[in-house]
Amino acid sequence: MSVAPWSFSKIKSFEKCPKQFYHLKVVKDYTEPETEAMLYGTDFHEACELYIRDNKELPGRFEYARPMLEALRAKPGIKLCEYELGLTEDLQPCKFKDENVWFRGIADLIVLDGDTAYVIDYKTGRNTRYADTGQLELMALAVFKHFPEVQKVRGGLLFAVAGKAVKDSYDRSQEPKLWAKWMGDFERMKKAFEIDVWNANPSGLCRRHCVVTECPHNGGR
């Protein structure tokens, strides 16, 4: 078993419940069914990519997002859609599928404008209550490594359905502090791999929403 390559989603899944993470991401003896919301999100991301990159028309069901996407398309700079970012363990940029890739991230949209980059992540949730900017933070750190000319990253979680945005900004001078925080998260996950201990983290969602039915906190269906 190997902890690498890791990602924001991998870290969050581990933090949510190490036992569920073990079954879904490590041994993969359970799979999560694709929900209607997940399929909708996949289709929306594809539509945004085609609209920004290829000037394709938006499907009618996503027409509500046109003003947001028009603003992004009009923004000056080089636009990179669904851009894959890889880093080695010594934090050097590499390709997403390189053998020595240690961290992976995919940015929905990066706009490079001189010494400033914009990192955008599309969300199809209906509210911003549980928005987590950690994803933007990690993408900013990867952008700093891949694009040495960038000194500042402005990030945004764009909740298209809700018509709201959660924004944050990052300066290159913050890199050491931010990496130290994420390394701590990574080390906790790495330790679980090393000692092969995956403790459950029970919550009120276990019985109805977790597919790992063998867990005592689930209790079967």
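Grouping the Ile, Leu, Val, Met, Phe, Trp and Tyr side chains by contacts below 4.5 angstrom, directly or via other members, places Ile52 apart from Ile78.
Looking at Tyr170 and Glu175, their side chains never bring a donor and an acceptor atom within 3.5 Å of each other. In this model, a donor atom of one side chain and an acceptor atom of the other lie less than 3.5 Å apart for Asp196 and Trp198.
Taken to the nearest 0.5 Å, the CE atom of Met139 stands 12.5 Å off from the CZ atom of Phe144.
Using a 30° and 60° split on the angle between ring planes, His23 and Tyr30 fall in the perpendicular class, above 60°.
A salt bridge links Asp132 and Lys12; the closest N-O separation between the charged side-chain nitrogens and carboxylate oxygens is under 4.0 Å. A salt bridge links Lys181 to Glu137: at least one charged side-chain nitrogen sits closer than 4.0 Å to a carboxylate oxygen.
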Q.
Before you tell me yes or no, could you show the steps for Trp102 and Phe186 under ring-ring contact (aromatic ring centres under 6.0 Å, His included), namely the whole-Å CA-CA distance, both residues' side-chain angles and the distance that decides it to 0.1 Å?
A. CA-CA 11 Å; Trp102 174 76; Phe186 171 77; 5.0 Å; yes
Anything under 3.5 Å between a donor and an acceptor, one on a side chain of residues 118-126, the other on a protein residue two or more places apart or in another chain? List them.
{"unit_1": "Asp121", "atom_1": "OD1", "unit_2": "Gln135", "atom_2": "NE2", "d": "3.0"}
{"unit_1": "Asp121", "atom_1": "OD2", "unit_2": "Lys123", "atom_2": "NZ", "d": "3.0"}
{"unit_1": "Lys123", "atom_1": "NZ", "unit_2": "Gln135", "atom_2": "OE1", "d": "3.1"}

What donor-acceptor contacts under 3.5 angstrom involve side-chain atoms of residues 55-62, with partners at least two apart or in another chain?
{"unit_1": "Asn55", "atom_1": "OD1", "unit_2": "Arg73", "atom_2": "NH1", "d": "3.1"}
{"unit_1": "Glu57", "atom_1": "OE2", "unit_2": "Arg66", "atom_2": "NH1", "d": "3.2"}
{"unit_1": "Glu57", "atom_1": "OE2", "unit_2": "Arg66", "atom_2": "NH2", "d": "2.3"}
{"unit_1": "Arg61", "atom_1": "NH2", "unit_2": "Asp43", "atom_2": "OD2", "d": "2.7"}

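Counting only distance, with no hydrogens or angles, the side chain of Asn199 and the backbone of Lys19 share no donor-acceptor pair below 3.5 Å.
Counting all heavy atoms, side chain and backbone alike, Cys81 lies closest to Leu109 at SG-CD1, 4.0 Å.
For the side chain to side chain contact (heavy atoms under 4.5 Å, CB included) test, residues two or more places apart in sequence or in another chain that qualify with Glu34 are Met38, Leu39.
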